[in-house]
Amino acid sequence: MGPGEREALIGSGGAGDQRDVVREIVQAACPHDCPDTCAMQVTVEHHGKRRIAVKIAGDPHHPPTGGALCTKVSRYLERTYHPDRVLTPLRRIGRKGAGRFEPVSWDRALDEIAQRLGAIAARNPEGILPYSYAGTMGLVQGESMSQRFFNKLGASRLERTICAEAGSKALRYTLGASVGMDMEQFENSRQIIFWGTNAVASNLHLWSRAQEAKRRGARLIAIDPYRSLTAERCHEHIAPLPGTDGALAFGIMHVLIREGWIDRDYIERYTLGFDALAERALQYDPARVAAICGIGAGIIERLAHDYWQVRPTAIRLNYGMQRTHGGGNAVRAITCLPALAGHWRDPAGGLLLSSSGTFDTDDAALEHPELLAGRTPRAINMSAIGEALLRAQPPIEALVVYNSNPVAVAPQSSEVARGFARDDLFTVVLEHFVTDTADYADFVLPATTQLEHLDVHLSYGHLYQVANNPAVPPLGEAQPNTEIFRRLARHMGYTEACFSESDESIAAGAFASCGASPYDWERLRRDGWQRLDVPQPYAPFATGNFPTPSGRCEFVSARLAALGQDPLPDFVPPYESVLSAPELARRFPLAIISPPARNFLNSSFVNVVSLRDTEGEPHLDINPADAGPRGIVDGDRVEVYNDRGSFTVRARVGERARPGVVVALSIWWKKLAADRKNANEVTSQRLTDIGAGATFYDCLVDVRVAGSDPARVSSS
Ligand code: SF4
């Protein structure tokens, strides 16, 4: 049976049930914050008028998906039909944070919300702040009707920086856009460097291509402070200290330039600023870089040698490594490497951080910025939401949260929770579940899951537009985000035609093109996915054509210079490290990182019991060299702490974490952890050098056996 076809089954409603059951397959898209953007097929049974989703699978015909979904989304039915789904509007009846609510009607909820927002907007519309991120990556249920609503209000704008902003901006300043290799070419690479990415957990389908490359003889290298599932499956694992990737890139550059292992023709024709870059790179000899990164100088020499010799080499960079002070500069430095060595010449060489800039979204059609009517509201950085809620002037008076769970995922969680607990803050949360954030809401509004609404997606890891058709009607009284904002707009008295636009019409206008061809929503919706009309094989920078102002790969950026920033990349040390903050490091000698647990996606899926059971309980990976002096043995409950806060976890003593680094796989819901805390208790709200992004992995802590006397803790 194929998509759209129907199959009549007799008596499949259960033993002895002779009703007719019709089964069909609906083309859908995975909505989650993952580069793979899988095309999905949802099997739906029609029991009379009822439609029930009974199976979810990867589309076998979609080349990136290849018929496979990850473990998390394979359980999506468990998420959609979860007994804890919020299926009616809820109004708070307990104190903020207690998570006690009573059901109310939609009209009553929307009347009161409209009245509260309207009163604030009449005084100071910037007192209202939307807070949203990638709970769905869909263009319709993400920032379309919602953004129109906040534009019309004149609400404060949210700088959506929490995940990828340092890297995205760095790509823009260097390559011109978030454009890179085609993931389908990785199987043809001779060498693949996984830099700051656990592809097995977070980029499964590119990992499959790498496995094919490995079968054909390619060498796989992982660069990651943590011996992740990916690192242990690569031929070589290099484990620099967190926040030192930029120095490592300069060390490689140093050797390439010193040895003349550079593609002079490519540099001459297609790059800008080589002489200045070379002068800087020559300051980073391998001995200096080795000391910064905490690895051997010989490793840097060999890495540079292999990077030049083995062709084509692909770098799969991911966003983990840019969540430190120097994250933007580090991405700039790494992004210079393929141009220096000429790897872009081959479709199977170069670098992929994000492909999202290859897509031609029509943001004006989605968001209607004309509703701002000439106003430029202030911007609030989501990566410092705790600080904004506690100290922004004029204060934030109302918060509307959708597609996000900031109380669990935003840094320096205790400040975030204190901000959400303000009695004078009016908070509305659109959600599937009563999350850590929803616990603080004045109103929780029931949102639909991906199976219940329509959407259209781009990808930041491949080159296909993907459609999501609703498989089943909304459960209970749940509504799509678009419909919630449509209704809210009506209750506010907004009469602009764009507030009546249907989801189908929004999806039909979401893209300006499909690469070189026109965008055809009806066809996309029918087929489920459509590859962008770009050359095949795709080698975006084989002959230059960088979408920068100069048309070249910009080692030197006049745009950064105009902003008063260093026009060249450099190594920018972490805020918190032995080298940059020795006094702090004496008190808190361990660097902590909190990358995604395999069975969670940010904080999504933590409440799906089968996935949480697989994950077990919150853990801390710690090296025996760090555990021993602290009297920590495998299985101990330990407290991780610094001046910002603390949380307790179960110690896993072993070699996965390198000495000097501890790893707390994340992001647990706080209320589902034994101590109702997670790793964001210790992270900071400081921002990256470029893009003002979050710096989750720039954080020093110490660890002790839970309940032990701090005076006993060794800081050696
Ligand atoms: S989370 Fe990623 S790998 Fe999993 S189904 Fe979604 S897009 Fe595919």
Side-chain angles (χ1 to χ4, degrees), residues 25-43 53 55-80 133-139 141-142 163-164 183-184 186 194 197-211 228-230 316 318-320 352-356 359 403-405 409 432 449-451 453 455-469 471 528-531 595-608 610-612 614-615 665-667:
I25 289 179
V26 176
Q27 281 292 148
C30 173
H32 287 287
D33 186 2
C34 169
D36 295 24
T37 319
C38 288
M40 309 193 299
Q41 296 191 332
V42 184
T43 306
K55 186 179 163 202
I56 191 161
D59 182 340
H61 306 293
H62 180 228
T65 306
L69 302 179
C70 64
T71 325
K72 301 169 282 254
V73 175
S74 299
R75 309 279 168 80
Y76 201 83
L77 299 184
E78 216 180 310
R79 181 176 167 81
T80 293
Y133 200 66
T136 173
M137 297 290 289
L139 298 175
Q141 306 304 335
C163 175
M183 64 84 79
E184 292 176 62
F186 273 70
F194 290 92
T197 176
N198 181 5
V200 171
S202 309
N203 196 187
L204 184 64
H205 298 84
L206 188 137
W207 179 250
S208 304
R209 304 267 168 181
Q211 291 307 291
S228 66
L229 295 171
T230 303
R316 172 53 177 152
N318 213 338
Y319 288 109
L352 176 63
L353 173 58
S354 170
S355 59
S356 64
F359 294 83
N403 301 336
S404 189
N405 181 10
V409 307
H432 305 141
T449 68
Q450 187 80 340
L451 301 193
H453 59 228
D455 220 324
V456 66
H457 291 249
L458 54 72
S459 172
Y460 64 96
H462 61 62
L463 299 173
Y464 294 76
Q465 295 163 334
V466 189
N468 185 71
N469 293 287
W529 44 268
Q530 172 70 50
R531 185 177 160 93
R598 187 180 191 179
N599 293 287
F600 306 153
L601 210 157
N602 301 326
S603 73
S604 299
F605 298 104
V606 181
N607 66 327
V608 173
S610 64
L611 293 169
R612 190 167 76 249
T614 310
E615 209 55 48
L665 298 178
S666 292
I667 301 172

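Position 1 is the first residue of the sequence; numbering continues from there. Remember, it's 1-based here, ligands and their atoms both numbered in the order they're listed.
- By the side-chain hydrogen bond (donor to acceptor under 3.5 Å, both in side chains) test, T71 is found to be paired with no residue, residues two or more places apart in sequence or in another chain being considered.
- For R79, the side-chain hydrogen bond (donor to acceptor under 3.5 Å, both in side chains) partners at least two apart in sequence or on another chain are H432.
- Comment: E184 engages R531 in a salt bridge, judged by a side-chain N to carboxylate O separation of less than 4.0 angstrom.
- Between H32 and F605, the distance from one ring center to the other falls under 6.0 angstrom.
- Only protein atoms were considered; those of element N, O or S under 2.8 Å from atom 2 (Fe) of ligand 1 number 1.
- Two residues are said to be in side-chain contact when any heavy atoms from C-beta on lie closer than 4.5 Å; T37 and M137 fail this criterion.
- Remark: Y133 engages no residue in a side-chain hydrogen bond (donor to acceptor under 3.5 Å, both in side chains) (not counting sequence neighbours).
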